[in-house]
Protein chains: 2
Amino acid sequence: MSPAPSRPEKLSRETLLPLMAAHVLEHGLGGASLRPLAKAAGTSDRMLVYHFGNKETLIVELLDHIAGVYSATLDMALGDIRPASRRECFDRVMDQAANPAMRPFMVLWWDIVAGAARNLPGYEVAAQKMIARQLDWLIRQMPVDDPDPEGGARLLLTLMEGSLMLGTVGHAKTARDGLLAGDLSPS
Amino acid sequence: MSPAPSRPEKLSRETLLPLMAAHVLEHGLGGASLRPLAKAAGTSDRMLVYHFGNKETLIVELLDHIAGVYSATLDMALGDIRPASRRECFDRVMDQAANPAMRPFMVLWWDIVAGAARNLPGYEVAAQKMIARQLDWLIRQMPVDDPDPEGGARLLLTLMEGSLMLGTVGHAKTARDGLLAGDLSPS
DNA sequence: TCTCTATTGTAGCACTCGCTACATTCCTCT
DNA sequence: AGAGGAATGTAGCGAGTGCTACAATAGAGA
């Protein structure tokens with residue numbers, strides 16, 4: 001009721017998660033152990049266990065939070081595209097994927113995919129959310145005259161993710177050449 | 001100089017690598033620490049450091065070895081396809097990617113991609129080799145009448161990798177629907 | 001036989017890991 | 001003011017980490 005919040009805000013899950021998410025975005029999930037996470041959040045490992053119960057629960061909630069941060073960052077980083085063709089749409093989205101604001105997510109993303117492949121709890125759910133969010137946005141950016149914007153967006157998404165993966169393992173040119181060898185127009 | 005084996009150490013490494021590779025294929029790279037690796041190889045952590053110098057060198061050599069094992073496994077698992085169209089080629093390759101013999105590689109693959117994204121030593125090199133090997137094979141499986149088999153193979157590879165990624169994060173249907181919304185024929 | 005070097009075993013160091021026991025402080029409600 | 005729960009600090013446990021010091025063995029060349 002009374003304002004004057006000069007005191008440090010009470011620590012809770014909601015205040016801790018953004019700080020830990022920032023740490024994970026910079027340092028990855030592989031080395032995300034309690035003590036570094038606590039330091040990044042200005043607490044102790046003792047308090048992280050107190051608030052989240054155990055590390056597994058913490059990571060699950062953290063991944064869910066990161067999925068939310070990803071959505072917000074998408075909105076900030078991505079403008080409207082309104083392309084004339086699927087190919088133009090693809091090119092512009094790939095340009096925006098190179099936005100430095102998205103770079104930490106790009107690196108973290110493969111950690112999440114690897115975790116999902118190993119069925120670690122929380123990873124697949126977070127990945128699903130992030131992909132769904134990306135797909136929603138992509139559908140709205142398809143050419144206005146596209147006869148199948150939903151299908152087309154799914155096609156472009158598949159191509160984008162394949163291209164991004166090939167790019168991170170040093171085969172960006174392979175993906176680029178491949179894109180020139182096909183017709184992306186509606187079937 | 002003498003006909004006697006000049007490099008006994010090399011023999012040791014190559015004896016140890018397959019055993020450690022099997023362990024990594026089953027348990028992943030994340031938890032690949034010296035003592036479990038040594039146990040899988042029938043030695044001690046002490047000897048792994050003796051033979052490889054340190055863990056980083058060991059992992060680099062192990063990844064390179066795994067890239068070789070991957071090539072051999074591809075030859076065993078993949079038959080000849082000889083499809084009539086790019087779409088048929090894609091479908092059949094995706095079927096073979098579901099081969100249980102390839103499953104451990106599928107899971108390990110995302111570990112390697114994640115490591116490459118973080119510039120861990122050895123990861124990107126191994127990933128490049130594995131992708132290059134896959135692309136070589138794919139080029140030879142393109143329809144005989146394809147006017148641009150190399151470009152087409154690159155296009156299919158990009159689509160395959162995107163589809164496999166979406167599949168591991170629970171969006172297999174997204175990729176499948178996307179494939180139906182586009183024309184894969186040569187541009 | 002006698003070195004000499006390559007290989008291997010045994011212990012252990014200094015560190016991080018997730019997690020817990022215990023005590024203390026803080027805040028709110030009565 | 002006092003009670004009682006929520007929140008937090010301190011200290012540490014047992015296990016695991018990469019790596020090393022030191023000594024013992026083995027096997028080949030002199």
Side-chain angles (χ1 to χ4, degrees), chain A residues 1-21 23-24 26-63 111 114-115 118-123, chain B residues 1-21 23-24 26-63 111 114-115 118-123:
Chain A
M1 38 176 70
S2 105
S6 61
R7 301 195 90 203
E9 188 134 338
K10 186 164 69 171
L11 291 183
S12 64
R13 299 186 187 205
E14 287 68 32
T15 57
L16 293 172
L17 283 174
L19 297 166
M20 292 191 292
H23 179 266
V24 160
E26 187 177 358
H27 298 96
L29 280 161
S33 44
L34 287 183
R35 268 165 265 240
L37 283 176
K39 188 173 180 181
T43 346
S44 63
D45 58 331
R46 165 70 182 77
M47 289 314 295
L48 292 185
V49 176
Y50 175 76
H51 282 300
F52 295 92
N54 54 43
K55 189 192 176 182
E56 179 178 311
T57 307
L58 188 158
I59 295 294
V60 170
E61 297 199 24
L62 185 54
L63 286 170
D111 278 346
R118 296 210 177 275
N119 290 318
L120 302 185
Y123 281 72
Chain B
M1 40 178 74
S2 68
S6 57
R7 318 216 53 174
E9 95 176 21
K10 219 129 179 114
L11 191 120
S12 299
R13 292 191 185 196
E14 278 155 19
T15 309
L16 295 171
L17 283 173
L19 298 166
M20 293 192 291
H23 178 267
V24 160
E26 187 177 0
H27 298 95
L29 279 161
S33 45
L34 287 183
R35 267 166 267 240
L37 283 176
K39 188 174 181 182
T43 351
S44 63
D45 57 330
R46 166 70 182 75
M47 289 314 296
L48 292 186
V49 176
Y50 175 76
H51 282 300
F52 296 93
N54 53 44
K55 188 191 175 184
E56 179 177 311
T57 306
L58 188 159
I59 295 293
V60 170
E61 296 199 25
L62 184 54
L63 286 170
D111 277 347
R118 296 212 177 272
N119 290 319
L120 303 185
Y123 282 72

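Within every chain, numbering begins at 1; the chains are lettered A, B, ... in the order of the sequence lines, protein sequences first and strands thereafter. Please read these numbers as outputs of a predicted model, since none were measured by experiment.
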Rounded distance in Å - [atom1] ([X]) to [atom2] ([N]):
X        : N       : atom1 : atom2 : answer
Phe52(A) : dA7(D)  : CZ    : C1'   : 14 Å
Lys39(A) : dT16(C) : NZ    : P     : 10 Å
Met47(B) : dA6(C)  : CE    : P     : 13 Å
Tyr50(A) : dT25(C) : OH    : P     : 17 Å

The single option from Asn54(A), Leu34(A), Thr57(A) passing side chain to side chain contact (heavy atoms under 4.5 Å, CB included) against Val49(A):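 The side chain to side chain contact (heavy atoms under 4.5 Å, CB included) with Val49(A) is passed solely by Leu34(A) among Asn54(A), Leu34(A), Thr57(A).
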
His51(A): partners by ring pair (Phe, Tyr, Trp, His ring centres under 6.0 Å), with sequence neighbours left out: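 For His51(A) there are no ring pair (Phe, Tyr, Trp, His ring centres under 6.0 Å) partners, ignoring immediate neighbours.
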
Sequence-distant partners of Arg13(A), side chain to side chain donor-acceptor pair (under 3.5 Å), two or more places apart: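 By the side chain to side chain donor-acceptor pair (under 3.5 Å) rule, Arg13(A) matches Glu61(A).
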
Contacts of type side chain to side chain donor-acceptor pair (under 3.5 Å), residue Ser44(B), not counting sequence neighbours: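 Listed in chain order: nothing, the list is empty.
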
Listed once per pair and sorted, the salt bridge (charged side-chain N to carboxylate O under 4.0 Å, His left out) pairs that draw on residues 26-45 of chain A, sequence neighbours left out: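 For residues 26-45 of chain A: Arg35(A)-Asp45(A).
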
Inter- and intrachain pairs under salt bridge (charged side-chain N to carboxylate O under 4.0 Å, His left out), touching residues 48-60 of chain B, at least two apart: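 Residue pairs with at least one partner in residues 48-60 of chain B: there are none.
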
dA6(D) phosphate, OP1 or OP2, under 4.0 Å from His51(A) side-chain N/O: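 Result: no.
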
Where protein sits on nucleotides 11-21 of chain D, one letter per nucleotide: B base, S sugar-phosphate only, - none, heavy atoms under 4.0 Å: -B----BBBBB

